[in-house]
Amino acid sequence: MAEPSSVATARVAADPDDASTRGISAWLERRASFMLPFPAVATVALMLAFPLGYTLFMSVQEWNVASANPPRFVFLDNYVTLFTTDTRFKNSIFVTFYFTLLGVTVQTFLGVTLALLFNRQFWGRGILRTLAILPMVATPVAIALIFVMMFHPTLGVMNYFLTVVGLPPWAWTYSSSTVIPALVIVDTWQWTPLIMLITLAGLAALPGEPYEAAMIDGASKPQMLWLITLPLLRPTIVTAALFRLIDSLKTFDIIFVMTQGGPGGASDTINIYLFNTAFAYFHMGMASSMVVIFFAIVLGVSILAVRIRRATWI
Amino acid sequence: MDLIRKRWEGAAYTLLMLVLMAPMVFVFFWMVSLSFRTNVEATASPPIFIPRNPTLAGYQFVFNNPSNPFFKYLLNSTIVALGCTTIGLLLGVPAAFSIARWKQNGLALGILLARITPGLSFLLPWFITFRYFGLIDTHFALIVAHLIVGLPIIVWVMIGFFEDLPSELVDAALIDGSSIYGVLWRIAVPLVKPGLVATAILSIIFSWNNFNFSVILAGPNTRTLPVAVFNLMSFEQFNWGPLAAAATMITLPVLAMALVMQRHIVSGLTFGAVKQ
């Protein structure tokens, strides 16, 4: 790394007899750009590199931690099983993407709509905007617990609301055909504000000139929205959606608390299946293989996300 | 006439926004409302919205439950949250200062990678390691695990605050003969104090809310609140009053902290995707 110019300046400026130009402190001063980040970088590296290396190693072993048998080297057997005979794993990939894509689509649409509606002065705007933060920080386990009670088919308040407006009751998380949409409702409740607030920040940063020009040309409000605001906002919206996409793939708390993957595996995401393989069945080798595949999926989506983001910024 | 019409339009718009944002507030309202209800009222049909005979029985159940020592779990959650935040700040602040000052983008990318990595890919190896060393059910294991989530966030958010600092201040102090470490400690850190507080609160919230690391690494002695609430849920399936009381008790501190630092929370949650 190049010697930072400011440190060099400081050395020249200091008295040559000053202790700070000699010995350990001088060395520390010269190496500041290495020494300052070193503890954090070493910690992150240890926390990141060691687990990933160990997981890779574990993924080619067969090992049940609950049994007394030591790990046994099986090479790629775990991966072969996952990609061929393990239908539960295939299902979990499908469920993960179903949940993620449905959730992110709904949240992006709602979040952008709300941001556009928030982007003007009205009484109570500040308070409502502040309240929008709360779902994102509320403890997910507690929120999931409240939704479990609200989703109860007979005693829950949600079905009461449906009957009040004349709709038939719904099974929510209690049926395999409705469980993912129901979980998406919880996820949407939690994370739509994020997309809304990011978009709102993007709206505040838009330049004024295009609107003045459009006004002079006699453009209508919907025209301005479709032809100026949304195109200019696209990078912001894409960033927000991609951000949610990466996090949504990793959703664990609400699904584990509300359904534990049920009913009948209908909400059995990769995360849930992998968690159970490791900590309910104690198949550490198999679970490690899943971690490797899952990590590759998340990393792949993230790299794709960065690419897309770069393309949309231009 | 025009002014009156404008007023009406304004009121109508506020009403529209209130209706649109109502579902968001309703969940919190329902949580608090359930927590003050008797079990009969909690599961009444049609539902009761405002408790008719408000009761503290739910809270009493949570607090005076020998098999579920709430205060102990509260203490555990606090120890772990403060522990991982303190260590996280000590490690993360110098790193963020350095990354911001010398534009160490490679390091920033590494920190980002730690943020993207799924939590479970850390959990498996750490579980095996901690189990090997007999560290399951210790505060140490939980603090280390929560640090994995907290440290990248601390570094990332603090980079933003240090970047906003005029570099002339640091340069001037360096020319005056101060060491870079002295500048960081005596000039840069005091100047970003509001950011430091915001970052600390964000880290505390992340640790407080964490479930998947704690559920595996905590035991009877170190159980944190989210795990305790989850356990309560399996034992007291239809005891809705106490369940809601527990949910309220664990969520309220977080909501209060978030409201205090609302200005900074979005940049923290989006991990720097947006600056506010």
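Please read all numbers here as calculations on a predicted model, not as lab measurements. In what follows, chains are A, B, ... by sequence order, proteins preceding strands, each numbered from 1.
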Sort out for me which of [options] touches chain A most, counting heavy-atom pairs under 4.5 Å.
| options | answer |
| --- | --- |
| B/R131, B/M233, B/E9, B/M17 | B/M17 |
| B/S167, B/A95, B/G10, B/G92 | B/A95 |
| B/V170, B/L120, B/L184, B/T251 | B/L120 |
| B/V229, B/I250, B/T43, B/N210 | B/I250 |

Can you say whether [X] sits under 4.5 Å from chain A via the side chain, the backbone, both, or neither, judging by heavy atoms?
| X | answer |
| --- | --- |
| B/I128 | side chain |
| B/L252 | neither |
| B/M21 | side chain |
| B/F97 | side chain |

Q: Could you check whether the rings of A/Y160 and B/F49 sit parallel, tilted or perpendicular, using 30° and 60° as the cut-offs?
A: tilted

Q) Would you call the rings of A/H152 and B/W240 parallel, tilted or perpendicular if under 30° counts as parallel and over 60° as perpendicular? A)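 Perpendicular, since the angle between the ring planes exceeds 60°.
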
When you compare the side chain of [Y] with that of [X], does any pair of heavy atoms fall below 4.5 Å?
| X | Y | value |
| --- | --- | --- |
| B/V215 | A/F275 | yes |
| B/Y181 | A/L36 | yes |
| B/L113 | A/L299 | yes |
| A/S288 | B/L124 | yes |
| B/P118 | A/F295 | yes |
| B/R115 | A/D247 | yes |

Q: Could you check which of A/F38, A/F294, A/F50 has the highest count of heavy-atom pairs closer than 4.5 Å to chain B?
A: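 Winner by heavy-atom pair count: A/F50.
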
Q.
Which one wins on heavy-atom pair count under 4.5 Å against chain B: A/Q190, A/M150, A/M136, A/R244?
A. A/M150

Q.
Let's go through A/W189 and B/F28 carefully: what are the C-alpha distance in whole Å and the side-chain angles of both, what is the deciding distance for ring pair (Phe, Tyr, Trp, His ring centres under 6.0 Å) to 0.1 Å, and is it a yes or a no?
A. CA-CA 11 Å; A/W189 179 84; B/F28 292 114; 5.3 Å; yes

At a 4.5 Å cut-off on heavy atoms, which part of [X] comes close to chain B: side chain, backbone, both, or neither?
| X | answer |
| --- | --- |
| A/A132 | both |
| A/M58 | side chain |
| A/L134 | both |
| A/V257 | both |
| A/I143 | side chain |
| A/A287 | both |
| A/V148 | side chain |

Q.
Are A/F282 and B/F127, when compared by the centres of their aromatic rings, separated by less than 6.0 Å?
A. no

Would you name the heavy atoms of [X] and [Y] that are closest together and state the gap between them?
| X | Y | result |
| --- | --- | --- |
| A/K250 | B/T117 | NZ-O, 3.9 Å |
| B/S179 | A/E29 | CB-OE1, 3.2 Å |
| A/V137 | B/V254 | O-CG1, 3.1 Å |
| B/W126 | A/P51 | NE1-CG, 3.7 Å |

**Q.** A/R125 NZ/CZ over B/Y13 ring centroid, <6.0 Å and within 45° of normal
**A.** no

(Q) Please report the interatomic distance CG(B/L255) to CD1(A/I133), rounded to the nearest 0.5 Å. (A)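 Answer for the CG-CD1 pair, B/L255 versus A/I133, is 11.0 Å.
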
Q. Rounded to the nearest 0.5 Å, what separation is found between the CG atom of B/L20 and the CG atom of A/L128?
A.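 Between B/L20 CG and A/L128 CG, I get 10.0 Å after rounding to 0.5 Å.
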
(Q) Using only atom types and a distance under 3.5 Å, with no angle test, would you say the side chain of B/Q104 pairs donor to acceptor with the backbone of A/F34? (A) no

